Enquirer: 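Right, I'll just put the structure down here and ask away after.
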Amino acid sequence: MTSRTIMGTIVGAGVGVALLAAVAGAAFADDMLKLTELSPDGKDACFGRVYDAAHLKSHPHQKVARIFFYYGRDPVSRPNEEPSAGIDSSYNGFMATTVRGAEAPEWLGGWCSHESEDGKTGPIRCGMDCDRTMASLKVDDKGRLIVSDVQPDLYLDAGSEDELGKAEYERQALGKDDNGFRLDPMPAATCKAEFARIDPIDPPLARHCASD
């Protein structure tokens, strides 16, 4: 190979790297988080709360002792793992809850957006497969995240109350007061550490949809 050929190869490779960097930069710009209420700077955002014993004692129908909501890029997959079946890379909202007495959280992911034609105004809803709602979100005047519309069967298959029976359903379902959570803004690393408590991390398998 002549020196001119070698030089051409090096230059070509340099141009290729530059083009790849430009494309990656554009893709990252397009992937900026759009819900400015949750993420004013377009970066990953974290909200969470750990309830103390006094609060739980005064709310006997609340099973959730810890809850964290992460708006951003997948905090669950590990760099050395292949993408797991059931994980949709377009998920941008992730919630982890730990009930009383549990050692690790349960978690799931969904798509969060404004419920409006322009996608820029109105309530924020995080949807899941089977046209189910993970939660509705609102940020109060103190920057806290209000998480509502959390269903008791959030981690159960649709129609599981009939399949499990009332007693077992109530044991596995969330409590009557597990809704209307008020979460404080926290560093993104705090949410990542919370999701890391799930070991080994299981993929958020799609819940079975109710049959027609």
Side-chain angles (χ1 to χ4, degrees), residues 38 46-51 55-72 74-78 81-115 123-138 145-183 191 194-212:
L38 306 184
C46 173
F47 303 85
R49 185 168 179 180
V50 178
Y51 292 95
H55 176 97
L56 295 174
K57 183 177 180 180
S58 64
H59 295 78
H61 299 297
Q62 178 180 325
K63 293 184 179 180
V64 171
R66 302 169 65 95
I67 176 171
F68 289 81
F69 189 91
Y70 185 78
Y71 177 60
D74 186 356
V76 180
S77 297
R78 295 171 176 169
E81 292 178 338
E82 293 294 328
S84 300
I87 292 181
D88 188 324
S89 61
S90 67
Y91 284 177
N92 56 23
F94 302 83
M95 188 160 64
T97 60
T98 306
V99 298
R100 306 179 193 224
E103 296 182 357
E106 290 189 276
W107 72 280
L108 38 72
W111 311 272
C112 301
S113 62
H114 286 287
E115 289 189 301
I124 298 173
R125 174 183 177 270
C126 295
M128 302 187 300
D129 293 324
C130 308
D131 197 28
R132 298 178 70 189
T133 296
M134 178 169 69
S136 294
L137 309 176
K138 181 175 67 174
L145 184 69
I146 309 301
V147 181
S148 58
D149 293 332
V150 178
Q151 302 302 307
D153 62 352
L154 185 66
Y155 298 106
L156 298 172
D157 294 334
S160 56
E161 185 170 8
D162 293 334
E163 296 176 5
L164 297 173
K166 183 177 180 180
E168 182 61 18
Y169 173 83
E170 291 183 354
R171 188 187 73 81
Q172 295 189 28
L174 296 180
K176 296 178 181 178
D177 286 350
D178 287 319
N179 198 14
F181 299 105
R182 184 178 289 108
L183 312 184
C191 275
E194 186 69 13
F195 281 96
R197 294 178 60 226
I198 310 166
D199 190 14
I201 290 177
D202 294 320
L205 299 176
R207 307 295 171 186
H208 294 299
C209 304
S211 57
D212 296 333

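Counting begins at 1 with the first residue of the sequence. In what follows, every heavy atom counts, from backbone to side chain, and hydrogens, waters and symmetry copies are set aside. Quantities reported herein were computed from a predicted structural model and do not represent experimental measurements.
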Enquirer: Please name the pair of heavy atoms, one in Phe69 and one in Met95, separated by the smallest distance, quoted to 0.1 Å.
Expert: CD1-CB, 4.0 Å
Enquirer: Could you pull out the closest heavy-atom pair between Pro105 and Ala96, with the gap in Å?
Expert: CB-CB, 4.0 Å
Enquirer: Taking all non-hydrogen atoms of both residues, which atom of Tyr71 and which atom of Asn92 are closest, and how far apart?
Expert: CD1-O, 3.1 Å
Enquirer: Using the six-membered ring wherever Trp is involved, compare the ring planes of Tyr70 and Phe94 and label them parallel, tilted or perpendicular (cut-offs 30° and 60°).
Expert: tilted
Enquirer: List for me each residue that meets side-chain contact (heavy atoms from CB on, under 4.5 Å) alongside Gln172, sequence neighbours excluded, and say none if there are none.
Expert: Leu156, Leu164, Glu168
Enquirer: About how many Å separate CG of Asp149 and NZ of Lys138, when rounded to the nearest 0.5 Å?
Expert: 11.0 Å
Enquirer: Can you list everything that forms a ring-ring contact (aromatic ring centres under 6.0 Å, His included) with His59? Sequence neighbours excluded, please.
Expert: His55
Enquirer: What pairs with Arg66 under side-chain contact (heavy atoms from CB on, under 4.5 Å), at least two apart in sequence or on another chain?
Expert: Val50, Phe68, Thr98, Glu194, Arg197
Enquirer: Between atom CG of Leu154 and atom CH2 of Trp107, what is the distance when rounded to the nearest 0.5 Å?
Expert: 12.5 Å
Enquirer: First locate atom NE2 of His114, then atom CG of Leu137, and finally report the distance between them rounded to the nearest 0.5 Å.
Expert: 10.0 Å
Enquirer: Answer yes or no: is there a donor N or O on one side and an acceptor on the other, between the side chain of Asn179 and the main chain of Val150, under 3.5 Å?
Expert: yes
Enquirer: Heavy-atom distance under 4.5 Å between the side chains of Arg125 and Thr133, does that happen here?
Expert: yes
Enquirer: Where do Asp153 and Arg132 come nearest, in terms of heavy atoms and distance?
Expert: O-NH2, 2.9 Å
Enquirer: How would you list, by chain and number, every residue that makes a side-chain hydrogen bond (donor to acceptor under 3.5 Å, both in side chains) with Ser160, sequence neighbours excluded?
Expert: none
Enquirer: Would you say CZ of Arg100 has more than 12 non-hydrogen atoms from neighbouring residues, nucleotides or ligands within 6.0 angstrom?
Expert: yes
Enquirer: For residues Leu183 and Val147, determine if any side-chain heavy atom of one lies less than 4.5 Å from a side-chain heavy atom of the other.
Expert: yes
Enquirer: Among residues at least two apart in sequence or on other chains, which ones pass side-chain contact (heavy atoms from CB on, under 4.5 Å) with Asp178?
Expert: Gln62, Lys63, Val64, Leu174, Phe181
Enquirer: Indicate yes or no: at least one non-hydrogen side-chain atom of Tyr155 is less than 4.5 angstrom from one of Leu108.
Expert: yes
Enquirer: Just to verify, what does Glu163 make a side-chain contact (heavy atoms from CB on, under 4.5 Å) with, not counting sequence neighbours?
Expert: none
